[in-house]
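Read the numbers this way: they start at 1 and go in the same order the structure lists the ligands and their atoms.
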Amino acid sequence: MMSEERSLNFIEEIVEEDIAAGKHGGRVLTRFPPEPNGYLHIGHAKSICLNFGLAQKYNGQTNLRFDDTNPVKEDVEYVDSIKEDVKWLGFEWANELYASDYFDKLYEFAVTLIKKGLAYVDDSTAEEIAAQKGTPTEPGKGNEYRNRSVEENLALFADMKAGKFPDGAKVLRAKGDLASPNMHLRDPLMYRIKHAHHHRTGDKWCIYPMYDFAHGQSDAIEEITHSICTLEFVPHRPLYEWFIEQLELFPSKQYEFARLNLNYTVMSKRKLLQLVTDGFVDGWDDPRMPTISGLRRRGYTPASIREFCERIGVAKRENMIDVGLLEFCIREDLNKTAWRRMAVLDPVKLIIDNYPEGQTETLHGENNPEVEGGEGGRDIPFSGELWIEREDFMENPPKKYFRLGIGTMVRLKHAYIVKGESVVKDADGNITEIHCTYIPESKSGNDTSGINVKGTIHWISTEHAKEAEVRMYDRLFQVEDPSNEDGDFKDYINPNSLQVIEKAFIEPDLLNAVEGKPVQFIRKGYFTVDKTSTPEKLVFNRTVTLKDGWVKK
Ligand code: ATP
Ligand code: MG
């Protein structure tokens, strides 16, 4: 499902110019650099599709690099999930790398800068450093540590590494420009002391490089030709270039694009983690989460996510994308691929009074009417007692009601035309049974009745019905941009984002449904088997409705 030919995005234009100019010998090497501190979300999918997509398009390669410079928040569970998600999206990395692989090199780089008089050890507290930094309109102030000699800095930095100081006692800073309008150049931190265990390097280090001291050099070490990241890193670029220049490293270049913002959700890993730890959702892969694993469990396909990323394009300015577009992409995909089945979610009994007592027949329905030949089909048992959807019947139907009413006719999908005759109600006036008659000559595929009806409804033979739990999902938040409202973003969670139908009736063939193979419940939407489903207790997730039916509350 590829979009029509489109014009080049601005990053592709840059890459094509570079190739034409013979830069780096025409080589293209990109990287996707997640921090393993959470699960990937749809925003990361955008970055993945862009980085891997560029490499594919221009015969290049992409590295998967874990930016694991912060030992406290990182974990192998996240590393594993990230690898799984990138693969699932359909991409293969050239090398699996870790910023922590470069800790020795980065330490050497820091020593080089100290020797050049471009870095110093500072004993100030974080508060003092912040106070000395000035403001965007006022220059920063230096302190006594800034004038330490190269020898003293080398000795102190070695002692920092050797574990002679407690956390926070000292930092290594670059000697930048305290008057620069760019705050990132005002003597940024390069190293901090943190006596913490790292998921890869163990207890080898008690000093860790700052992200800004690791990122650009990691790109340079790998000889990344086009380092693509999101707009918030624009002001960091001069710093990365300064380090690379001073250290005489490979001149990797950074290009920035607008991050993906999606409405009715939150996307920062920090916030997603809160939803998980505070129990608002059932884990990182809850089908309401905007995570790749959540979308997968919800029934999204890799193709639909890639198509979504292609359609939103690569922008230079921040904007908000409507989640309706994501839903459109999965609907388009599943319409072409999902097999059709029947399920009754809110059942009421329909009794065909003139159907021979005790008779059953086996009817037939194609798997996929969108494909020539229907991709085969399945048997559907039919009998004189059926479940139909409560909303498909009205006792006193208005004029344009094309479903079943008393005195009106409707077709039962793959079966016969029936006419509503009477109802049975309980003491509270609720309908418990609908009685109808059927037209024996109106059988689908062999209809000689000459009767034309406008509506078709789905059904399940009561005697043959199987049961399943069906989980209906809605948007996780009630407002478009929960992060931009007063108070806590969690105050805006949609209390009805999950509705569980404990007992829906499904056609027997749905016992063969498997995880990862979505189905369409005719007239109800697209569904997929949940990972918690068992043969004894089937569980389906609604991936998306058939039409965009969402109304602002
Ligand atoms: P978060 O704030 O959600 O934790 P992050 O930017 O800190 O996101 P990283 O793991 O550092 O997450 O990101 C890996 C890559 O994915 C980076 O290059 C980053 O720019 C990109 N990325 C993250 N979020 C988005 C987004 N919403 N849209 C596009 N790219 C994104
Ligand atoms: Mg981050």
Side-chain angles (χ1 to χ4, degrees), residues 9-11 30-55 62-70 72-75 77-83 85-86 89 91 93 96-100 210-212 214-216 218-219 222 224 226-237 240 252-276 284 289-295 305-306 308-323 325-326 481-484 489:
N9 66 48
F10 78 96
I11 296 179
T30 59
R31 86 287 176 267
F32 173 62
E35 183 180 355
N37 62 347
Y39 282 61
L40 296 182
H41 51 62
I42 182 80
H44 293 114
K46 168 82 226 173
S47 174
I48 292 168
C49 289
L50 181 55
N51 279 298
F52 284 89
L54 273 178
T62 305
N63 286 344
L64 174 61
R65 184 201 315 138
F66 292 97
D67 243 315
D68 57 350
T69 51
N70 185 356
V72 188
K73 292 191 189 148
E74 296 160 1
D75 202 88
E77 175 197 346
Y78 299 135
V79 169
D80 293 342
S81 76
I82 289 169
K83 283 159 59 176
D85 289 350
V86 174
L89 279 173
F91 297 109
W93 50 88
E96 177 185 331
L97 302 165
Y98 294 80
S100 57
M210 303 301 292
Y211 181 84
D212 275 353
H215 197 84
S218 299
D219 283 343
E222 292 170 25
I224 300 296
H226 300 81
S227 170
I228 296 153
C229 64
T230 38
L231 286 175
E232 68 273 21
F233 291 102
V234 169
H236 300 244
R237 189 192 332 130
Y240 299 164
S252 212
K253 282 223 39 129
Q254 173 177 299
Y255 303 94
E256 305 88 4
F257 71 102
R259 63 173 41 233
L260 164 66
N261 300 304
L262 198 61
N263 61 7
Y264 299 103
T265 192
V266 293
M267 217 114 81
S268 111
K269 280 180 278 188
R270 188 176 55 79
K271 289 187 180 137
L272 295 174
L273 178 64
Q274 279 183 54
L275 294 175
V276 174
W284 283 96
M289 291 280 269
T291 51
I292 310 283
S293 48
L295 291 166
I305 295 175
R306 291 195 305 263
F308 170 72
C309 293
E310 181 73 26
R311 277 178 187 262
I312 55 182
V314 183
K316 279 190 195 174
R317 217 174 299 155
E318 294 269 340
N319 59 354
M320 179 72 88
I321 302 289
D322 187 357
V323 66
L325 180 62
L326 182 62
D481 192 0
S483 306
N484 249 331
F489 75 99

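Distances between N or O atoms of F233 and those of ligand 1 include no value under 3.5 Å. Considering backbone and side-chain N/O of K46, none are found under 3.5 Å from N/O of ligand 1. Between F32 and ligand 1, no N or O atom pair is found at a separation short of 3.5 Å.
Between R237 and E256 there is a salt bridge, since a side-chain N of the basic residue sits under 4.0 Å from a carboxylate O of the acidic one. Between K83 and E96, at least one side-chain N (NZ, or NE/NH1/NH2) sits under 4.0 Å from a carboxylate O, which counts as a salt bridge. Salt bridge annotation for D219-R65: present, with a cationic side-chain nitrogen under 4.0 angstrom from a carboxylate oxygen.
At a threshold of 4.5 Å between non-hydrogen side-chain atoms, the residues K271 and S483 count as touching. You'll find the side chain of T62 stays beyond 4.5 Å of the side chain of W93, heavy atoms only.
Using a 4.0 Å cut-off to heavy atoms of F257, the atoms of ligand 1 that qualify are 29 (C), 30 (N). Within ligand 1, counting atoms from 1 as listed, the ones closer than 4.0 Å to a heavy atom of P33 are 14 (C), 18 (O). Short contacts between ligand 1 and P34, defined as distances under 4.0 Å to a heavy atom of the residue, involve ligand atoms 10 (O), 14 (C).
Closest to atom 5 (P) of ligand 1 by heavy atom, among E35, H41, H44, is H44. Nearest to atom 20 (O) of ligand 1 by heavy atom, out of T230, L272, L40, is T230.
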Requested in this report: Under the salt bridge (charged side-chain N to carboxylate O under 4.0 Å, His left out) rule, what do E232 and R259 come out as? Steps first, then yes or no, please.
Outcome: CA-CA 9 Å; E232 68 273 21; R259 63 173 41 233; 2.7 Å; yes
